[in-house]
Amino acid sequence: ECANAMLDVQSIETFYGETQALFGPSISVGEGEVVSLLGPNGAGKTTTIRSILGLTPPRNGRVFFDKKEVTRLSTHKISRLGIGWVPDDRRIFPSLSGKRNLALGARKTRFRSWSVDEMVEIFPALDHLMVRDCENMSGGELQMVSISRALLGAPGLVLFDEPSQGLAPKIVQDVMRTIRRLKGEGISCLIVEQNALAALEVSDRVYVMDRGRIEHEGSARELLDNAPLRRRLIGM
Ligand code: ATP
């Protein structure tokens with residue numbers, strides 16, 4: 001247990017019907033800490049995020065956010081406490097403008113609030129996206145809208161699910177730069193990634209999952225520096 005953790009996931013077991021997907025992973029993220037959750041397809045990374053958010057509540061184990069137990073709360077209540085989510089499928093309403101999509105995420109919490117102007121400062125391209133319908137946006141443009149929407153919700157913790165998936169390298173770097181900026185603001189980040197190296201570069205610590213269990217936990221530096229260990233754990 002981690003006394004000053006922003007997120008503390010304790011031995012959760014999550015099922016889809018009768019099929020068990022998570023076999024007791026424990027994960028913590030400190031205040032202003034960036035943590036990567038890596039592992040192959042089907043390891044249970046997305047299910048871990050879904051369990052934290054109450055989308056697939058764990059059958060056993062507990063989840064604490066900001067020192068409050070959230071295990072049995074509704075997704076709506078959990079997100080209102082200040083957990084931001086950047087889902088792998090972005091979940092942007094295609095028929096609405098960038099501006100309308102951002103407005104849907106706006107919220108006050110006990111954490112730092114962000115304005116649309118600040119988001120435009122981080123992502124200059126967002127300025128002209130505000131007036132466009134989201135249905136014709138590129139993957140990179142949708143990702144900017146999605147991250148901005150999460151920040152307008154004043155999160156203390158942001159859960160990034162495959163944030164660099166399908167994005168050009170330049171945009172991946174923009175996303176990673178944003179994660180560094182959040183860390184600088186004291187915001188905690190949990191990054192689920194297949195593109196492990198880019199995530200490791202911005203992370204303090206890393207967990208590697210396989211088949212619903214944590215296989216390795218350590219510093220990101222160690223995994224970046226130790227090529228044989230990295231190859232064994234994440235195959236790259
Ligand atoms: P990926 O990178 O492919 O998203 P992941 O590490 O996020 O992989 P999960 O998507 O969490 O893995 O999947 C964990 C396990 O749960 C897998 O065995 C998967 O088949 C199963 N699973 C995921 N979603 C469902 C679902 N809706 N119904 C049934 N089983 C599911």
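Whatever order the structure lists ligands and atoms in, that order sets their numbers, starting from 1. Note that these values count all heavy atoms, side chains included, but never hydrogens, waters or copies made by symmetry.
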So, Ser28 and Asp8: side-chain donor and acceptor under 3.5 Å apart, yes or no? no
At a 4.0 angstrom heavy-atom cut-off, ligand 1 is contacted by Tyr16, Ala21, Pro40, Asn41, Gly42, Ala43, Gly44, Lys45, Thr46, Thr47, Glu162, Gln194
Just wondering, are more than 12 heavy atoms of other shown residues or ligands nearer than 6.0 Å to CZ in Arg80? no
Do you see a donor-acceptor pair shorter than 3.5 Å between the side chains of Thr56 and Thr14? no
More than 12 heavy atoms of other residues, nucleotides or ligands under 6.0 Å from CD of Glu69: yes or no? yes
Distance only, no hydrogens: is a donor on one side chain within 3.5 Å (strictly under) of an acceptor on the other, for Ser95 and Glu135? no
State whether Glu222 and Arg205 are salt-bridged, where the test is any N-O pair (Lys NZ or Arg NE/NH1/NH2 against Asp/Glu carboxylate O) under 4.0 Å. no
